[in-house]
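Side chains are part of it too, since the values below use all heavy atoms of this structure and drop only hydrogens, waters and symmetry mates.
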Amino acid sequence: MAELRLGPLLRYADGSSATVWVEASRPCTAEVRGSDGAHGESHTFQIAGHHYALIPVTGLIPGTSQSYEVLLDGARVWPLPGSPFPPSVIRTPATDETVRLAFGSCRWAAPPAGEQDPVGPDALDTLAARIAADPEGERPDVLVLLGDQVYADETSKATRRWLAARRDLSDPPGNEVADYEEYTRLYDESWLDPEVRWLLSTVPSCMIFDDHDVIDDWNTSAAWLADMRETSWWRERLLGGLMSYWVHQHLGNLAPDELAADPLYAAVRETPDGTDVLRSFACEADADPASVRWSYRRDFGRVRLLMVDTRAARVLDEGARSMLNPGEARWLREQALDARGSYDHLLIGTSLPWLLPHLVHDAEAWSAALCRGERGERWARFGEDLRRRADLEHWAAFPPSFDALADLITETGSGAEAPATVCVLSGDVHHAYVAEPAWPKGEGPDARVFQLTCSPVHNAIPLVIRLGFRFGWSGAGRWLGRRFAGHGACPQPPIDWRRTGGPWFGNQLMTLTLRGRSARLRLEQARAVRGAGARLRTVVETELAP
C-alpha cells in the first residue's frame, strides 16, 4: 500500500484550477477529491528512487472554498488520522477580490517539538498556528518564498547525524549535502514540520531559489565558479541541487497549461524512471545556463508577479557581467510590458534586493570595478577576495543590470497605462526595510515604486549584521560608501533612494494587501509568548498607495 511521504503542497491556484504536489512511498495513482466536486488525479513519476506527483485539480468555481482530501491508489492518506489542524482547503479567487500576498526568505527548518529553538519562533509555524486557530479569518492568498527554502551548506545536528550514517564526513563536502538523495533529506526536514506541512497544504505558494539552496555565494563570479569546478564534489552537488529544485519547487510554480506544454515534464512522466532525463537537463543547465529559464509569471486578478532568477541566469565574465543573461532580461521586459494596463500592481520577485543600504551598494559597485581591473591586477585580486568574504554580489555588483532594472521600472510605471505601484520584493539580507527610489526631476515614473525587503523567516541574526546594516543606512555609512565609489571611479547610479521604513530585525513576514489601485503593507514578527507558544505581532502597517 502506498503511503504519503511528503506533502501535500497546494502550489498553483486560480479561479478554476489548481495543482497539488505529493511524494508517495511507491508508484501509485495520486488523487485529489474536493468536498464540492473538484477532482484531479495523476500517476507518480520516479526520480532517484522517489515517487512524486503533481496533481492538476479542475472543477473549481471562482470565489469559493472547498476542503479536499488526498488518496493514493484509492486509499485516503490526507488529512492525517487524528490531525489537530482544520481541513486543508482550496480557495479560488474572484477576479475583483482583494489579493493578500505574504512573502519572506531564509528559513532554517525548525527543530523538533520539545527542543529549544536557538533563533526564536519560526514565522511560518506561527502563521500556521494563527490560521488554524481561526480558519475563516484573514489568511494570505499566496505565500511568496524568495529563496533559501533549504540550506545545503548549513545542515542541522539531526541532518549531520543522518549524513554521518550514510558516508564519511571527513571527506568533502563534509557535513554539507552532496547529492540528490541528501537534498531530499533537507526537504523532508523542512516540509514535515507539522505546522508548515499543514500551512503549505492550504495556502498556495510561489518559490524561487537563492544561494543556500545550492551553496553560499552561488555564482558570485567567474573566478568563484572556476574554483568550485576544481573540487571533487561540486558537480554532483550542483546537479543534485538543480534536480531537487525542479522536482520540489519549480514544477509547482507552473500553471497547468504550462505543465502540459513542458517537454521535460512530459519526458520524465513518460519513462518508468526519469532520473537520467532530469540529470541530462541539469547537466545542460550547468553547461549552458541561458538554455534554461527558472523565472516565471503569475497573475492574481489585476496583480502581476514576475519571479526572477538572479542566481543561475547570471553572466559571470568580468567584461560583460550581468545579473540576467540577454534572454532572461528580454523575458523580464516582455512580461512587464505585456498587456500593460491590464494590471494595477506589478511585483518583481528577486531574492536579492535591488536597493540596498548606500554603503553596501557603493561597496559592491567598488568591488566590481576593482575586479574589472580599474585599479590594476593587485586591486583586482583584493576585489575578488572582498567580494567573496563580504557577499558583495547583489544587483549593485552588476551596475549595468542595476541601471537596466531602473530603466525598465521607469518605462513600465509611466504613462496612462501605468500601474499604481511597482514593488520589488526581496529577502536575503536578514533584516526588513522599505526603500523608495527618486529619479531626477521630470524623469521618474507615474507609479509609486518600492523596494520591500523581508528576511529572515527563521534564521540567526548576529549582532554584526544588526550593527552593520544600521551603519550602512546611516549618513556616515553613505559618506564612506561614496569614498569607495570614488576610488573605483564608479559612476553615480541613475537614481537615488531613501529608506522609509526599518531596519527591522527578527523572524518575520511582510504581507501586501492589494485591492483595486490601493496597496497596504504589514510587517509581522514571530515572538514567543510565555506559556502560549508564539504569536505574530504587527510591527508596522502602512498605506503604500491610497
Measuring from atom [atom1] of [X] to atom [atom2] of [Y], what distance do you get when rounded to the nearest 0.5 angstrom?
X	Y	atom1	atom2	result
Q66	R33	CD	CZ	13.5 Å
L80	L4	CG	CG	7.0 Å
D14	F300	CG	CZ	10.0 Å
L186	W191	CG	CH2	11.0 Å
L200	W21	CG	CH2	10.5 Å
T511	R100	OG1	CZ	9.0 Å

Of all heavy-atom pairs between [X] and [Y], which one has the smallest distance, and what is that distance?
X	Y	result
A152	Y183	CB-OH, 3.5 Å
L523	A432	CD1-CB, 4.1 Å
L146	G427	CD1-N, 4.4 Å
V292	E328	O-OE1, 4.4 Å
P8	V20	CB-CG1, 3.6 Å
G506	I461	N-CD1, 3.2 Å

Assess whether side-chain contact (heavy atoms from CB on, under 4.5 Å) is satisfied between T64 and D36, documenting all intermediate values. CA-CA 10 Å; T64 64; D36 291 334; over 6 Å; no

As a quick check of understanding, evaluate side-chain contact (heavy atoms from CB on, under 4.5 Å) for R527 and V539, giving each step before the final call. CA-CA 11 Å; R527 297 180 180 174; V539 175; 3.7 Å; yes

No-hydrogen, no-angle side-chain donor-acceptor test under 3.5 Å, [X] and [Y]:
X	Y	result
D153	Y151	no
R515	T98	yes
T542	R522	no
S88	W78	yes
E543	S518	no
R297	Q335	yes
D117	H458	yes
S426	T350	no
Q46	T275	no
S205	R11	yes
E181	H50	yes
Q149	H212	no

Verdict with supporting geometry, R91 and E97, salt bridge (Lys or Arg N to Asp or Glu O under 4.0 Å): CA-CA 12 Å; R91 291 191 175 189; E97 279 190 350; over 6 Å; no

Could you tell me whether the side chain of [Y] reaches within less than 4.5 Å of the side chain of [X], counting heavy atoms only?
X	Y	answer
P256	T19	yes
C28	D73	yes
C423	L346	no
S25	H51	no
L192	L6	yes
Y187	S190	no
I131	L199	yes
R520	L544	no

Test side chain to side chain contact (heavy atoms under 4.5 Å, CB included) applied to L352 and V308, D210, T453, D211, the passing residue: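 Looking at V308, D210, T453, D211, the match for L352 under the side chain to side chain contact (heavy atoms under 4.5 Å, CB included) is D210.
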
Is it the case that the ring center of H250 lies less than 6.0 angstrom away from the ring center of W294?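 Yes, ring centres under 6.0 Å apart.
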
Using only atom types and a distance under 3.5 Å, with no angle test, would you say the side chain of [X] pairs donor to acceptor with the backbone of [Y]?
X	Y	value
Q508	W504	yes
S16	I61	no
Q451	V424	yes
R197	G7	yes
S83	F85	yes
T271	G274	no
D344	R302	no
H430	C106	no
T92	L60	no
T159	T155	no

Show your working on side-chain contact (heavy atoms from CB on, under 4.5 Å) between V22 and L9 and close with a plain yes or no. CA-CA 7 Å; V22 297; L9 277 74; over 6 Å; no

Assess whether a salt bridge exists between [X] and [Y], defined as any Lys/Arg side-chain N lying under 4.0 Å from an Asp/Glu carboxylate O.
X	Y	value
R107	D148	no
E524	R535	no
R304	D299	yes
D262	R269	no
E176	R237	yes

For salt bridge (Lys or Arg N to Asp or Glu O under 4.0 Å), just list the numbers for D309 and R314, CA-CA rounded to whole Å, side-chain angles, deciding distance to a tenth of an Å, and then say yes or no. CA-CA 9 Å; D309 164 21; R314 297 178 176 189; over 6 Å; no

By the definition side-chain hydrogen bond (donor to acceptor under 3.5 Å, both in side chains), identify the one residue from R311, H248, Q249 that meets it with D213.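 With D213 as partner, R311, H248, Q249 yield a single side-chain hydrogen bond (donor to acceptor under 3.5 Å, both in side chains), made by Q249.
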
Please walk me through it: do R167 and E182 pass salt bridge (Lys or Arg N to Asp or Glu O under 4.0 Å)? CA-CA 11 Å; R167 58 178 169 84; E182 294 180 6; 2.7 Å; yes

Would you please classify the geometry between the F281 ring and the W246 ring as parallel, tilted or perpendicular, with 30° and 60° separating the classes?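 W246 vs F281 ring planes: tilted.
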
If you apply the rule salt bridge (Lys or Arg N to Asp or Glu O under 4.0 Å), what do you find for R185 with D179, and how did you get there? CA-CA 10 Å; R185 162 72 188 189; D179 57 23; over 6 Å; no

